[in-house]
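Quick note on labels: first sequence line is chain A, next is B, and so on, each numbered from 1.
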Amino acid sequence: MEIEKTNKRTGPVIFSEYSRSEGIKKALEMGREDILFELKGSGLKGRGGAGFPTATKWMLTAAANADKKFIVCNADEGEPGTFKDRILLLEYPHLVFDGMVIAGFTIGAKTGIVYLRGEYEYMLSDLEEYLMKMHQSNLLGKNILGRQGFDFDISIRLGSGAYVCGEETALIESLEGYRGEPRNRPPYPVNTGYMGYPTVVNNVETLASVSHIVVKGGGWFKKHGTDKSTGSKLFSVSGDCNKPGVYELPWGTSVKELLEIVDAKNTKAVQVGGASGTCIPKTQFNRVLAYEDAATGGSIMIFNESRNMLKVLKNFMEFFVEESCGQCTPCRVGNTKLLEGIEKIERREFTFAHINNLKELGRTMQVASKCGLGQSSPNSFISILENFKEEIFHTDGKGQSNGKA
Amino acid sequence: MLVLEKNALSDEIESFVNQYGNDRASLLQILQAIQRKHKYVSDFAQQEVARLLNIHPVEVYSVITFYSFLCTQPKGRNIVRLCRTISCDMAGKDAVEDAVKRELGISFGETTKDKRITLEYTNCLGMCDQGPAMLVNEKVYTHLDPETAVNILNEIK
């Protein structure tokens, strides 16, 4: 019943050896320029899913001229099927917080804020206790580890059950006490972020990777993964397999290899990247998990032959209808229209003309929506209807074939 | 609402404002504190928060209605949120859902007559590898089956 904890995780990068506060000590020895150099050399990209180069983000913020700067850790993990941040925060908080301190040192920020999703409130007391211990060891507070003038503190703020707050500008709006509605970009948070000050917003896993990179170097990190996707990734695997859980694998692992590792049988489809990702059918299982092919923030959901893909799609679209912030029309109205289309298919009242119009609407949403939610919500609609059209359209909806056997 | 109750609530909100600060950025934390204690943010509480933060009450209302964990109407003493995302669904959410509804005699979105429990759905709880999962207030329960879920609900006061 209680949450399972495993302390025997192994992996090439994130779960490799690291002793507490090692990264902070090394960072203070290295200095800002060297940290940015190693980070750039590592090729680390944002682990939330969007994949923006972390070094560029840090350099822009470090170069900005402002009285105050902020580091925000995006722990609003809400993408269906993602739970890697839960593991990092419960079992490896030192990696994440060390990464924040290193970020603060590098860009010249004195304040770090963790935006923890409301659903993870049960972690709050443990995390705060850990921060208290960091204070006692002078890893937070004034003149950290004796470095004159390096002050940094971390506070934790809770979300309140809004998926869209994982979008960095919506997250900032929420921190400022507003509705979590995404802002227009530009300006980007690196210039105009929390309270109008330059702000780095990084995913939990990105910050955890930074701690390792500082200690072991950008070259070491780059040895893992592919040319365009360096390092490794935590994959949250759920659905029809015998060994669900979090796996650290290098980028470039194929879907087929992953299915073998997690012991999945009779797999029909794999949803990569959560509800906003794409659905990969059996014929494409040789595709690889990487930013340049099947990109993901970590969510891998496996469906076996017995699953009804229309039901899966309906579940995703209901999610988006509910979680759309409602600010821009393509997303607010578009998702509702897509869901209505699915309900028509379910009742066998659809026409192909209408479905084609809806796919066109989906493509319009991908370019016309204001933020990533509406830009990516049609992905599963389009990919599931195209990849599983036989199952969905050529049958009576219950898996029975009409006409030919 | 009695004058005495109003005064007590005002004092309490004032202490939250002192704790978190009286600037706009503290609004969400103040509302979360009120929600945690009272399970909703009443009209009067909204007006008090607005007065102390020097913003229009409709701003407060607008923020509350945006977030699914905040509400303006009273709920039960315990809020139970069952994850309805596909991973939990595939792991047997429907059976848990039916059992819980039968046992409490209410549907999702409703509160028991004795105000003990409000049933709600929630989106992904991040427990997809251990589904079906549900939150009881802030506590998470995993690997549910109809019987264990009902037992958990019967134990809460």
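- Between A:E121 and B:R36 a salt bridge is recorded (basic side-chain N to carboxylate O distance below 4.0 Å).
- A salt bridge links B:D129 to A:R86: one of the charged nitrogens lies within less than 4.0 Å of a carboxylate oxygen.
- Contacts of A:Y163 with chain B are absent, with no heavy-atom separation under 4.5 Å from either backbone or side chain.
- At a threshold of 4.5 Å between non-hydrogen side-chain atoms, the residues A:F316 and B:I86 count as touching.
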How far apart are the C-alpha atoms of B:Q32 and A:S160, what are their side-chain angles, what is the distance that settles it, and do they pass the side-chain contact (heavy atoms from CB on, under 4.5 Å) test?
CA-CA 8 Å; B:Q32 285 166 345; A:S160 258; 3.1 Å; yes
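- Contact of A:E79 with chain B is made through the backbone alone, with heavy-atom distances under 4.5 Å.
- Proximity to chain B is limited to the side chain of A:R157, based on heavy atoms less than 4.5 angstrom apart.
- Considering only heavy atoms from C-beta on, B:Y67 comes within 4.5 Å of A:C165 through its side chain.
- Contacts of A:S174 with chain B are made by both backbone and side-chain atoms, with heavy-atom separations under 4.5 Å.
- Between A:Y178 and B:R24, the closest side-chain pair of non-hydrogen atoms falls below 4.5 Å.
- Residues A:M301 and B:C128 have side chains not in contact (no heavy-atom distance under 4.5 Å, counting atoms from C-beta outward).
- For the pair B:N137/A:Y122, no side-chain contact is recorded, criterion being any heavy-atom separation below 4.5 Å from C-beta on.
- Atom CD in A:E119 sits 7.0 Å away from atom CG in B:L135 (nearest 0.5 Å).
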